[in-house]
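Below you'll find the structure, written out as structure tokens, and then a few comments.
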Protein chains: 2
Amino acid sequence: MKRRKVLGWAGASAAGVAAAGAGALALARHDQNPASATTSEADAAGAIPFYGERQAGIVTAAQDRLHFCAFDVITDDKAALVDMLQNWTAAGARMTQGLDAGTFGAVGGSLEAPPDDTGEALGLPASGLTLTIGFGPTLFRDVRGKDRFGIAARRPAALADLPKFPRDTLEDAISGGDIGVQACAHDPQVAVHAIRNLARLGMGIVSVRWSQLGFGRTSSTSRSQATPRNLFGFKDGTRNLKSEDTGLLDEHLWVQPGDGPDWMTGGSYLVTRKIRMLVETWDRSPLAEQQMIIGRDKGEGAPLTGKLEHDEPDFAAQDGEGEPVIAVDSHLRLAHPDQNGGARLLRRGYNFVDGSDGLGRLNAGLFFMAYQRNAHKQFVPVQNSLAKQDTLNEYIRHVSSGLFACPPGMLAADDYWGRALFA
Amino acid sequence: MKRRKVLGWAGASAAGVAAAGAGALALARHDQNPASATTSEADAAGAIPFYGERQAGIVTAAQDRLHFCAFDVITDDKAALVDMLQNWTAAGARMTQGLDAGTFGAVGGSLEAPPDDTGEALGLPASGLTLTIGFGPTLFRDVRGKDRFGIAARRPAALADLPKFPRDTLEDAISGGDIGVQACAHDPQVAVHAIRNLARLGMGIVSVRWSQLGFGRTSSTSRSQATPRNLFGFKDGTRNLKSEDTGLLDEHLWVQPGDGPDWMTGGSYLVTRKIRMLVETWDRSPLAEQQMIIGRDKGEGAPLTGKLEHDEPDFAAQDGEGEPVIAVDSHLRLAHPDQNGGARLLRRGYNFVDGSDGLGRLNAGLFFMAYQRNAHKQFVPVQNSLAKQDTLNEYIRHVSSGLFACPPGMLAADDYWGRALFA
């Protein structure tokens, strides 16, 4: 448990001789101590590999806590941005393995310099931390239409801005962003520490546009996980894509060769939506109405035509009065792949409570995150259908939206986030 | 793990015959299954007794997660308020034992009625949940000077409004409150569920004035716990009062007979302060400066005159140039009991990150909570001293403040929160 600290001091001693490059050190730790990909609660201390064919944090069994941060790039200097991305990569490789952000660490450096780690995770294990990066549409052409970094031609068609959906009440200040970083961990202090250190390393290059904490993952990404509940009290993400669905993942999750520019092949597109839930109104609704709106029973989470959570819904079934048992405007029906040309998503959302709304109510809801091969063919049609017809709309408001192109993983320590895009 | 659900359905069946009172049921569960007071991570599923001489959640070994909520009472009807407090007590007795908020539960009631639990904690264990209630100055005489509930004469002198401190930048909308409820648990979903169900039960009687989520407890309240770190990366609360300090607790924590009105004897006063930390500025400070400001070293947390965290600081020690080793304006010196007439506190704060501040920075800091026998003799002089001289002030802003009179515990299931105050 004292790993960070011990290594911090060791690093300090070694520094007098020859400071190892951060990337090299991280790789060494990685080699010595092959990290386990298991993320069960029993293995909460475990480290998840940072390097790999895919970015970690997508099919990784969903951790319990989230800190998501969207950054604005505040420089037009491409070299400075690339330098920061290299520094971020080195720090990410270290922090995900339970190390301090920098070689010297929180307490091992010179007394006359700011520490190269902020220290609040000293003594805490890796806690299943993953860091997943994505690039937003405005990185390729900013709001003034300027191609600051000469990469406009590399913008994938799939990274076109999301359309405005019916009923959207988006707040610009908490939407969008040039770069998005998803930090997931079993310990919120570890996730916060990671984002905070990236922000620190990005000083002068990026600024925090918005950030969101989440708890109680609202989806499972592995068959080993039980389906969790959202703040409406219902199981959420029963039909989620799972890491075990390898064939489906190529079809629905991972960008395939020929889909667009090569730098995104093997990556995935992330849609974020902050969905405020009017829980006080929901809580006054009868159980039957709640179940009718969702299309499932609240306890087991079974379709109203079935008995068990994973039973297939029977959309043709009628009740004694000839009405569909699963209502035509129920969430289950409208979001179901059969009603959306087979579109499926890998959801990875979290519940949130951000204090109160100033009107006597909790500011609570779902921070929806979904990964997919092409948001315009998957999220967009589903959301259009939901936004137009879903009876759940009476109880929710979409207040923030984001779209990020998340490249594939890195295989070697000399690679860095965004290399194939910027090189 | 399925306890809630099983009991929910059992309750539903039993309801056809004769619904047991919520209080009685909770007491029965309590008797059958004596809850452990241990709150180690290994026992994260454990339930902490709701009834006892003291309210749980004060000397209880600090859990890892917080949801604090301050409510405004929006009625002048005393009977309605008392009725709500009785309902809250019954729900609190159940939820702290891992049960649904109401007898029927989230899914066991009539389909035609709103459920008497919101459901998002279905399947989750008690998770060390404690609920601690306190009454604010405005409950006794509201902002218009009105004694709505005929209890102004019962207001303790110790519940006088806190003075305005130098440098305070308080926001009224997130300060004060008629009633404060602290929900602590090992799982944020369980803490959020508890507050949300109290808000639901209080509909029309109270409204949410402000609420605050916290993670990474910043104090230990038991010698069995390691001292955690705040977002400045330093260990926080090294000298905190601990549950094992029984003699000191009577002197510094628990209201004694003769201190004021009887209804508060055995209780404690809670001060809350939301302290925004300007972490970006802090992160640019050299390690030596950070340590000088705090008065301790960052790694071990030892006073700058010592080697180990719990070494006594030597305030007289001088360096080679005749300067005090522990600076006169260091946080350690200014907050130390020896500099404050022996005043001590039982701190129970949490770190927070509330998104971003709209200026490109994380909105991060410490939600400070401290329990004490008399805030005007303990917190107030310490804070006056800190606000005037502490070099840490350059890096922090106090943006919210609250004071709550937390009565003693309840010994029997027919008691309720506030009975001795309102009866």
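Here is the naming used below: chain letters follow the sequence lines, and residue numbers restart at 1 for every chain.
At least one side-chain heavy atom of A:Arg196 sits less than 4.5 Å from a side-chain heavy atom of B:Leu231.
The minimum heavy-atom distance between A:Ser356 and B:Trp210, with the atom names listed, is OG-CA, 3.6 Å. For the residue pair B:Leu362 and A:Ser211, the shortest heavy atom distance occurs at CD2-OG, 3.7 Å. When every heavy atom of A:Lys298 is checked against every heavy atom of B:Ala106, the shortest pair comes out as CD-O, 4.0 Å.
Only the backbone of B:Ser285 comes within less than 4.5 Å of a heavy atom of chain A; no side-chain atom from C-beta onward does. For A:Arg65, the part lying under 4.5 angstrom from a heavy atom of chain B is the side chain only. In this structure, the portion of A:Asn230 lying under 4.5 Å from any heavy atom of chain B is its backbone and not its side chain. In this structure, the portion of A:Val192 lying under 4.5 Å from any heavy atom of chain B is its side chain and not its backbone. For a residue to count as touching a neighbouring chain, one of its non-hydrogen atoms must lie under 4.5 Å from one of that chain's; by this rule A:Ala173 does not touch chain B. Of the atoms belonging to A:Leu213, it is side-chain heavy atoms, and not backbone ones, that fall under 4.5 Å from chain B. Only the side chain of B:Arg200 comes within contact range of chain A, with at least one heavy atom under 4.5 Å from a heavy atom of that chain.
Heavy-atom pairs under 4.5 Å with chain A were tallied for B:His67, B:Gln291, B:Arg209, B:Met203; the largest tally goes to B:Met203. Looking only at heavy-atom pairs under 4.5 Å with chain A, the residue among B:Ser207, B:Ala113, B:Ala226, B:Gly216 that has the most is B:Ala113. Put simply, of B:Gly358, B:Gly119, B:Pro286, the one with the most heavy-atom pairs under 4.5 Å next to chain A is B:Pro286. Chosen from A:Gln290, A:Gln212, A:Glu289, the residue pairing most often with chain B at heavy-atom distances under 4.5 Å is A:Gln290. In terms of non-hydrogen atom pairs under 4.5 Å with chain B, the most contact-rich of A:Glu120, A:Glu280, A:Arg361 is A:Glu120. Looking only at heavy-atom pairs under 4.5 Å with chain A, the residue among B:Pro115, B:Pro114, B:Gly233 that has the most is B:Pro114.
Rounding to the nearest 0.5 angstrom, the gap separating the CG atom in B:Asn351 from the NE2 atom in A:His193 is 12.0 Å.
Checked by atom type and distance alone, the side chain of B:Gln189 pairs as donor or acceptor with a backbone atom of A:Arg229 at under 3.5 Å.
Of the candidates B:Thr118, B:Asp116, B:Leu201, B:Thr118 is the only one forming a side chain to side chain contact (heavy atoms under 4.5 Å, CB included) with A:Asp283.
Heavy-atom contacts from other residues, nucleotides or ligands closer than 6.0 Å to CE of B:Met292 number 12 or fewer.
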